[in-house]
Amino acid sequence: MSGKFLENTTLIAYSSSLVSNTPCDDLVKLSFESHSDEVFWLNTYGLSELDAIKQVVIQNQFDDFLLKLLQDKEHANKVLELDNVLFVALKVLKTEDKNLNSEQIIFIVSSNMLWSLQENRGGHFQWIRDRLIQGRGQVRSKKVDYLMFLLIESLITNYEETFEKLLNSDSDSIKVSNINPTPYFTEKVEAQKRRMLNFKKATLSLRNTIVKLETINIITIDVKYFTELKEQANNLIGEIDFELFELDSKTNLIFSIQGHRLNEIMRTLTLVTAVFIPLTFLAGIYGMNFEYMPELKWHYGYFVLLGLMVTVTVIIVLYFKNKKWF
């Protein structure tokens, strides 16, 4: 029953002087001494192997409430301080998905152990593993709070990279110089706006989680790490807000162009109507069937009427031209 769990679980133990990538072939090995100088990073892909997950919780004597929390399939972003462990649940965006659906990531943190459970297999944290194994940077000399800082920072970095991709993916087709008030163009702008709003919602939620992490007391946390993360999240939110402002400006410009075109059409129709109303009036008068109409007996009455119509037309056109209607 635990075979699939062990297959999808990795364990890295490290200290300032050594690092080991321990194979996970037995659940019993996943027990961590609370007073050890080493830091343990346990990573599991998948949240469905509840029996194996419960066994790890029980044999490490973590708070029993974790069993209840881990049974729930969906968690909003939350930070809970339990008796001897910290529970952090995140809903993060699937950045490889253009629709930006979300997936669950859970961190269970004790004084010297961090257990990351990812709903789906992904490479968010691979660069951290590489730094640990290769001994690059200062991660080996730091404690579990720095590891948690790096894991959350990798999520923010992934958000930033995805944000840049979103900007570049439709930057040419919806840039201001290409604005065209067609349903297709408007739909593309609105679709980009929906993605950005979804992106902002996820980033705000992540930022709020980081703010909560600044106040925890269950494990020793250096607040400066999460202050830095909060600053990064705020910078990203600022960039998203600016892009949303740009998209709103494009939408307003589309409506302005449509309104201008409608005004042009209405002005043309008004000019045509203004010209033909008096001509229709004259034609209506002389189209009546009264027997005694003096002008009907004129020899040149037809040509006089045509001349009058031309004169009226010229006067109206000159009037509107003087008013700069065209």
Side-chain angles (χ1 to χ4, degrees), residues 93 97-101 162-204 236-326:
L93 297 177
D97 182 358
K98 191 170 184 180
N99 293 323
L100 296 178
N101 295 316
T162 303
F163 176 71
E164 291 298 325
K165 291 178 183 177
L166 282 175
L167 288 183
N168 296 329
S169 62
D170 289 327
S171 60
D172 292 334
S173 59
I174 62 174
K175 63 182 181 181
V176 173
S177 59
N178 289 337
I179 284 184
N180 188 10
T182 62
Y184 172 75
F185 188 89
T186 305
E187 182 180 353
K188 292 198 71 172
V189 173
E190 290 300 317
Q192 181 77 335
K193 188 185 296 186
R194 285 193 299 271
R195 286 193 291 268
M196 286 297 168
L197 287 172
N198 193 13
F199 206 86
K200 180 180 178 181
K201 180 181 178 181
T203 308
L204 280 170
L236 179 56
I237 291 170
E239 293 179 9
I240 296 171
D241 283 337
F242 181 78
E243 177 61 17
L244 284 170
F245 177 78
E246 289 287 309
L247 291 170
D248 284 336
S249 298
K250 291 173 183 178
T251 301
N252 293 334
L253 184 55
I254 290 172
F255 290 145
S256 297
I257 294 173
Q258 289 176 333
H260 178 71
R261 288 186 176 181
L262 181 60
N263 289 337
E264 289 290 324
I265 293 172
M266 293 302 298
R267 184 169 62 180
T268 301
L269 292 175
T270 301
L271 288 173
V272 172
T273 302
V275 169
F276 280 94
I277 281 179
L279 302 184
T280 303
F281 173 74
L282 292 173
I285 289 178
Y286 289 100
M288 293 187 292
N289 294 322
F290 295 110
E291 181 176 356
Y292 300 104
M293 291 183 66
E295 291 87 355
L296 295 178
K297 303 298 182 180
W298 289 2
H299 183 71
Y300 296 105
Y302 171 72
F303 301 102
V304 171
L305 182 60
L306 288 181
L308 178 61
M309 288 182 173
V310 171
T311 301
V312 169
T313 301
V314 170
I315 290 173
I316 293 174
V317 170
L318 289 176
Y319 174 80
F320 285 123
K321 188 174 182 61
N322 185 55
K323 292 290 184 179
K324 297 183 179 179
W325 276 34
F326 65 91

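Predicted, not measured: the structure shown is a model, and the values here were computed from it.
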Margin query: Show the nearest heavy-atom pair for residues Ile316 and Ala274, with the distance to one decimal.
Written below: CD1-O, 3.4 Å

Notebook entry, point to check: Where is the tightest heavy-atom contact between Leu305 and Leu282, given as atom of each residue plus distance?
Noted result: CD1-CB, 4.2 Å

Check: How far does CG of Asn198 sit from NZ of Lys193, to the nearest 0.5 angstrom?
Finding: 15.0 Å

Notebook entry, point to check: Nearest heavy-atom pair of Met196 and Ile240: which atoms, and what distance?
Noted result: O-CG2, 3.7 Å

Note to self: Taking atom NZ as the centre, does Lys201 end up with more than 12 heavy-atom neighbours from other residues, nucleotides or ligands that are less than 6.0 angstrom away?
What the structure shows: no

Note to self: To the closest 0.5 Å, what do you measure between CG (Leu244) and CD1 (Ile237)?
What the structure shows: 11.5 Å

Margin query: Given Val314, which partner from the list Leu318, Val317, Thr311 fulfils the side-chain contact (heavy atoms from CB on, under 4.5 Å) test?
Written below: Leu318

Next item on the list: Check whether any side-chain heavy atom of Gln192 lies under 4.5 Å from a side-chain heavy atom of Arg195, and answer yes or no.
Entry: yes

Next item on the list: Determine, for Glu264 against Arg261, whether the closest basic-nitrogen to carboxylate-oxygen distance falls under 4.0 angstrom.
Entry: no

Note to self: Rounded at 0.5 Å granularity, tell me how far NZ in Lys200 sits from CD in Glu243.
What the structure shows: 12.5 Å

Item checked: Distance (rounded to the nearest 0.5 Å) between Ile265 CD1 and Arg267 CZ -> 11.5 Å

Check: Which value, rounded to the nearest 0.5 Å, describes the distance between Thr280 atom OG1 and Ile285 atom CD1?
Finding: 11.5 Å

Check: Crowded around Met288 CE? As in, over 12 foreign heavy atoms under 6.0 Å?
Finding: yes

Margin query: To the closest 0.5 Å, what do you measure between CG (Asn252) and CG (Leu247)?
Written below: 11.0 Å

Item checked: Note, Leu236 side chain near Phe199 side chain (heavy atom, < 4.5 Å) -> yes

